[in-house]
Amino acid sequence: MVLVKHKSWAEPYKIKVVEPLFITTREFREKVIAEAGYNTFLLRSEDVYIDLLTDSGTSAMSDRQMAGLMLGDEAYAGSRNFYHMEDAIRKYYGYKYVVPTHQGRGAEHIMSSILIKAGDFIPGNMYFTTTKLHQELAGGVFVDVIVDDAHDPNSLFPFKGNVDLNKLESVIKKEGANKIPYVAIATTVNMAGGQPISLENLRAVRELTSRYGIRIIHDMTRVAENAFMIKMREEPFKDWSVAEIVKEICSLTDGATMSAKKDALVSIGGFLAVNDEFVFEEARNMVVIYEGLHTYGGMAGRDMEAMAIGIEESVQFDHMHARIGQVHYLGQKLIEFGIPIVRPLGTHGVFLNAKEFLPHIPQENFPAQTLAAEIYIDSGVRSMERGIVSAGRDSTTGEHRFPELELVRLTIPRRVYTQAHMDVVAESVQSVFETRQGINGLKMVYEPKHLRFFQARFEKK
Ligand code: P70
């Protein structure tokens, strides 16, 4: 194959099926966002124009994946599609044993219950909401050991997903290796802005944890995106393929949980994978209680077939180049407009810095929640709060946690929108930015006990 190098990337596909979009009026949007308690999770999808809530389960399938759906073997036990999926996981990720689950949090539940006991500590490269909750429900305490740069939206450090090795070693020395069932490593780090960890850093984490006999459990939800960033930014790996880097990352860890709704390009699905036979046996026992039989774990045969194909597509260079290229296209536009965003740009979305966008709104009045609602009102673009509402309350004091990062995430589904959609999004954010002085904060009027951001309700202050 002759590779012609151009300055621009283009999508490595053409469009075969389209889904119409509808634009509503500002008056209508003001009404429905108020009815939704100013929470974008509570909007009806049909009232949304461009949906950048999440990249989870929202990507477009390829024609090969669609054909795979027709090959679904919906037998209760031993579906042929399970074995295809297991083969793909072994081939591209290298883990030995696979237990399917309905999505990522199903795998987190099982992994946390098996490995964590009351009083344990789990150091990790920044929390993720569902992951941390399952660690806590199993009796553990999450300890953030990510580099300080990750908490600074203006730091240009290229690997904000890196672990601070000194922080990690201090936790091990303070709590004792026997109180640390594993170190949790995410590729990429969602809450930091979709930021990658470097291979050099991961190798150092492996070396340190091996010295203390501690496992590494890998949240591999966006591992191929992380691998692409390593290829682009980490000199020694520039000639490695995305697939080779993915395999190398996985080989440095002992097991993984996966939400296949992201990298692996399916609407629903997940799994946990381990190399340790004991953990595998335990997980196989648990999966039948909470998810389904060990050869489907909550997925239909057709979902598993689509996942097997999606895993292979996810490590293709052209796919990743266009996927991350589109995220960076939007980010670059916003930078040119002078909008405060997290830099360097990450992989699955652009993260607006609500503290700088709305400096007159104190964090207890939810600047990111407010900004997400305002963007929806302006254009019907749906985004997601990733700040104080997502951080929840401290499990001992019951007070709000006040995270450094108060962000609004514009998350890009894979292979779904065009650059023209990105232009409209950027222009909408710009118009909200121009009128920011007139925007006031919110007060919370309903707060669920767990993962409050999903269902909390707000009113204008
Ligand atoms: C998102 C989604 C899911 C996710 C993840 C990482 C790094 C695990 C999971 C859980 C969906 C979501 C979840 C919680 C809050 C908001 C949104 N992330 N690890 O939009 O996987 O959803 O399959 O159970 O990003 O970022 P799953």
Hey, is [atom1] on [X] packed in by over 12 heavy atoms from elsewhere, all under 6.0 Å?
X	atom1	value
R343	CZ	no
Q363	CD	yes
Y13	OH	yes

For the ring pair Y97 and F280, is the centre-to-centre distance below 6.0 Å? yes

Assess the pair H348 and F351: is the distance between their ring centroids shorter than 6.0 Å? yes

Determine, for [X] against [Y], whether the closest basic-nitrogen to carboxylate-oxygen distance falls under 4.0 angstrom.
X	Y	result
D148	K167	yes
R211	E169	yes
E86	R90	yes
E447	R393	yes
E305	R64	no
K179	D120	no

Check: [X] side chain, [Y] main-chain N or O, donor-acceptor pair, under 3.5 Å:
X	Y	result
E11	A322	no
E385	V389	yes
E404	D152	no
Q326	Y417	yes
N275	K96	yes
D219	T221	yes
D378	V432	no
R323	I412	yes
D55	T411	no
H319	Q316	no

Side chain to side chain, [X] and [Y], heavy atoms closer than 4.5 Å:
X	Y	answer
I110	E291	yes
E374	L358	no
S428	Y49	no

So, for [X] and [Y], which heavy atoms are closest and what is the spacing to 0.1 Å?
X	Y	value
K160	P344	CE-CD, 4.0 Å
G392	R452	CA-NE, 3.5 Å
A306	Q65	O-NE2, 3.1 Å
I289	N285	CG1-O, 3.7 Å
M191	T129	CE-CG2, 4.4 Å
L53	R409	O-NH2, 3.2 Å

Geometric cation-pi criterion, K231 with F237: 6.0 Å, 45°: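 The answer is no, since K231 fails at least one limit relative to F237.
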
Is the charged tip of R386 near the ring of F453: under 6.0 Å from the six-membered ring centre and within 45° of its axis?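 Flagged: R386 positioned over aromatic ring of F453.
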
Check step by step if side-chain contact (heavy atoms from CB on, under 4.5 Å) holds for I249 and I230. CA-CA 10 Å; I249 293 173; I230 288 174; 4.0 Å; yes

F454 vs F41 aromatic rings, parallel, tilted or perpendicular, using cut-offs 30° and 60°?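 Ring orientation, 0 to 90° scale: perpendicular.
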
Would you call the rings of F317 and F228 parallel, tilted or perpendicular, taking 30° and 60° as the class edges?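 Rings of F317 and F228: tilted, 30 to 60°.
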
Residue pairs fulfilling salt bridge (Lys or Arg N to Asp or Glu O under 4.0 Å) with at least one residue in residues 254-270, sequence neighbours excluded: R206-D254

Inter-residue atom distance I311.CD1 - M85.CE, 0.5 Å rounding: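 One finds 7.5 Å between CD1 of I311 and CE of M85.
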
Sequence-distant partners of Y329, ring pair (Phe, Tyr, Trp, His ring centres under 6.0 Å), two or more places apart: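 Counting only residues at least two positions away or on another chain, Y329 forms no ring pair (Phe, Tyr, Trp, His ring centres under 6.0 Å).
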
Quick one, F337 with F433, criterion ring-ring contact (aromatic ring centres under 6.0 Å, His included). Give me CA distance, side-chain angles, the key distance, then yes/no. CA-CA 9 Å; F337 291 162; F433 192 60; 9.7 Å; no

